[in-house]
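Every chain is numbered from 1, with letters handed out A, B, ... down the list of sequences. Since the model is a prediction, treat every value here as computed from it, not as a measurement.
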Amino acid sequence: MSIQITFPDGASKRFDAPITGLQIADGISSGLRRNAVAIEVNGEAWDLSREITADATVSIITRDSDEGLEVLRHDAAHVMAEAVKELYPETQVTIGPAIENGFYYDFAREEAFTPEDLEKIEARMKDIVKRNEEIVREVWDRDEAISYFKSIGEEYKAEIIADLPADETITVYRQGDFLDLCRGPHLPSTGILRDGFKLTKLAGAYWRGDSNNAQLQRIYGTAWSDKKQLKAYLRRMEEAEKRDHRKLGKALDLFHLQDEAPGSIFWHPKGWAIYQAVQSYMAARQYEHGYQEIKTPQVVDISLWEKSGHASKFGDDMFTLVNDEREYAIKPMNCPCHVQVFNQGLKSYRDLPLRLAEFGSCHRNEMSGSLHGIMRVRSFVQDDAHIFCTEDQIQAEVKGFIDFLHSVYADFGFDEIIYKLSTRPEQRVGSDEDWDRAELALEQALNDNELEWELQPGEGAFYGPKIEFSLKDCIGRVWQCGTMQVDFSMPGRLGAEYVAEDGSKQVPVMLHRAILGSIERFLGILIEQHAGALPAWLAPQQVMVATIVTEANDYANEVAQALRNAGLRAEVDLRNEKIGYKVREHSLQKIPAILCIGKREAEEGTVAVRRFGSKAQTVMTLEEFVEQFGLEVEEKQLFDAGTNNPKE
RNA sequence: GCCUGCAUAGCUCAGUAGGUAGAGCAACUGACUUGUAAUCAGUAGGUCGUUGGUUCGAUUCCGACUGCAGGCUCCA
């Protein structure tokens, strides 16, 4: 019998059935065969060794494609599990998927793995690759599979199989003496994995992601198509880690943290200068967008948090204090306070939408393990605002907000934003009808803006669904920054009302929103995004005036004063040091512009400008520099350190 | 909170198979007045995170605590 195989370019060819992906690849070219790791058959990824018995459209998956890398990484996980079982037979295997850049496998074992064990495991993995064991796909009967895995002491595997949907085919992959439940696809043999992998870290992880369950030991690894790719990745990571905001915060003297105040930041002059630049920028932008800024109390009676529902859901994470037999909470968020401001006086539908903004200082007693540099802290300031509006106004407000957010992120130099829609959680307040409408409103806004977004079912806040706007840090970790949440319930719980056109009293809808999220977190990401070399408008010190000889001191001071008068953040370095030393130091501090002042400049009334990232020196008059640099600051130009040109 | 690891001078790090520690940079002093990424010489600087234990003796070994790092969980 012959079957028709159609290729990606539309061409097709007849083959004698059955035929395998490996044979097809071999027939096309030896290079393709060498690089093949799997085959896509009618849109489904198959093993190269699986027999194709009917007409099909196929495409060979190669080792350097995204799909191919996923197969390699998944195989690396299996090879690791095999290695672990060989070295530590008492270990139970659970799950081991491919992830971005690599893979992991979760193991259950009494004794903890040590970093030295990782080396042993990695060495054994290399052995298994060298053995080039054939990887064989087998279809098993469900009950047989369950009893087999139980019989060899793999309780977790048995549990996974028992929970698979009834119509799912149970496939088991065999490599050497190691059998693992898996959907596949896998490589034809372990040798094809080659040597582009490395075990990277050891971590704890809960069985099925639930902290009530047993904690397993997770081993992470990274895997690439070959050793060269692996090395390139490791080098990239090493470079990226140099941009870590904690390192730069210290090196650039921006802030520090210390034991006595875990999760709280001591901002130093330069860090605070950035902080203030960001905050005052946001204040101006919000004013422009029709927000009114307010300020609400830090310490508020616990009863308000009970009414809002926060005390019952987040009570453990709130800092509370008792004074004169009265219990207070240090505000963990601003919303209930904003409703109090709304509630003062009688509001009309003509007042809506009412946009109240606050740089709200919040304290949350986050679990110690979740603290992370200045990205996740216990004391932070949100660029928070609440929009009180009618249901009809939601669409326009959400749309307007998304545009606003995009323009802010663009000013800061962020072009990659991750959008997520989080919908109703199990524990929530409000009717299902309200949730339906709120979720729909957000979904529509995302689609109207033609954004690519990811759905996170059950991840919404307890009072409403939300859109999350996330950014990535230097090593690719995703952090939520902006948010837009629709809330139909809190205004009602806290007694907010307005008089409608017909004279009736109505409860407004409340939109919770933030663009930066926590200013602290945003600054952390901002520092990493620019590797500490902030664009001129954000740089804590924008200009450094450095003298070459003492004789130029007076003129240098005049220059610095003129720059300050022009609204620029300028310092002067009169130290008795060589100019090379000063240039080096201020370059390491990533100051956007160094003005070198010698006898010549003092006599001519000029400045010798050296921009960060460039070795070029440009002599111009002080006036010319103020105009040029001032414009760059005013226009919030993003400076490209590599080319010394403003970015598009 | 849980798992694994880490904590030495202001910073970056070395070191002690258990006998109270060292480098570079920074700081300070002096000389040098300098033209675009480190001028030279000298001085000073540490209860080796805190706290128990083992030991004649602990920075080193063991435990607890605190903090940090990487994950997991959580994130109003």
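R428(A) meets the side-chain hydrogen bond (donor to acceptor under 3.5 Å, both in side chains) test with D432(A); sequence neighbours excluded. Remark: T423(A) pairs with no residue by the side-chain hydrogen bond (donor to acceptor under 3.5 Å, both in side chains) rule, at least two apart or across chains. Partners of Y88(A) by ring pair (Phe, Tyr, Trp, His ring centres under 6.0 Å), not counting sequence neighbours, listed by chain and number: F113(A). Legend: residues meeting ring pair (Phe, Tyr, Trp, His ring centres under 6.0 Å) with F469(A), ordered by chain and number and at least two apart, are F401(A), Y419(A). Remark: H338(A) pairs with E358(A), H386(A) by the side-chain hydrogen bond (donor to acceptor under 3.5 Å, both in side chains) rule, at least two apart or across chains. For F314(A), the ring pair (Phe, Tyr, Trp, His ring centres under 6.0 Å) criterion is met by no residue, not counting sequence neighbours.
The side chain of R610(A) lies closest to rA37(B), out of rU12(B), rU33(B), rA37(B). Nearest to the side chain of H372(A), among rG70(B), rC11(B), rU36(B), sits rG70(B). Side-chain proximity of P262(A) to the nucleotides rG35(B), rC68(B), rU73(B) is greatest for rC68(B). With distances taken from any side-chain atom of S211(A) to the nucleotides rA37(B), rG71(B), rU73(B), the minimum falls on rU73(B). Of all nucleotides listed (rC75(B), rC68(B), rC72(B)), rC72(B) comes nearest to the side chain of Y206(A). With rC75(B), rG70(B), rU36(B) as the choices, the nucleotide that has an atom nearest any side-chain atom of R477(A) turns out to be rG70(B). The side chain of Y220(A) lies closest to rG71(B), out of rG71(B), rU73(B), rC11(B).
Near RNA chain B, meaning a heavy atom under 4.0 Å away, the residues from residues 252-260 of chain A are D259(A).
Donor-acceptor pairing under 3.5 Å, judged by distance alone, is absent between the side chain of R246(A) and the base of rC68(B).
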> Given pairs defined as Watson-Crick or G-U wobble with both distances under 3.5 Å, what dot-bracket annotation applies to RNA chain B, with ( ) intrastrand, [ ] crossing, | other strand and . unpaired?
Replying inline: (((((((..((((.....[..)))).(((((.......))))).....(((((..]....))))))))))))....

With the criterion being N/O to N/O and under 3.5 Å, what pairs connect the protein with nucleotides 3-10 of chain B, and how long is each?
| from | atom 1 | to | atom 2 | distance (Å) |
| --- | --- | --- | --- | --- |
| rC3(B) | O4' | Q215(A) | OE1 | 2.9 |
| rC3(B) | O2 | G204(A) | N | 3.2 |

Listed pairs, N/O of protein and of nucleotides 38-44 of chain B, under 3.5 Å:
| from | atom 1 | to | atom 2 | distance (Å) |
| --- | --- | --- | --- | --- |
| rA38(B) | N9 | R584(A) | NE | 3.4 |
| rA38(B) | N7 | R584(A) | NE | 3.4 |
| rA38(B) | N7 | R584(A) | NH1 | 3.2 |
| rA38(B) | N7 | R584(A) | NH2 | 3.3 |
| rA38(B) | N6 | R584(A) | NH2 | 2.5 |
| rA38(B) | N1 | R584(A) | NH2 | 3.1 |

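Between the C1' atoms of rA9(B) and rA21(B), the separation comes to 11 Å (whole Å). For rC68(B) and rG19(B), the C1' atoms lie 31 Å apart once the distance is rounded to whole Å.
Listed by first then second residue, pairs satisfying salt bridge (Lys or Arg N to Asp or Glu O under 4.0 Å) with a partner in residues 208-221 of chain A read D106(A)-R218(A), E159(A)-R208(A), D163(A)-R208(A), not counting sequence neighbours. Screening residues 255-266 of chain A for side-chain hydrogen bond (donor to acceptor under 3.5 Å, both in side chains), with sequence neighbours left out, gives H256(A)-Q258(A), H256(A)-H268(A), Q258(A)-E260(A).
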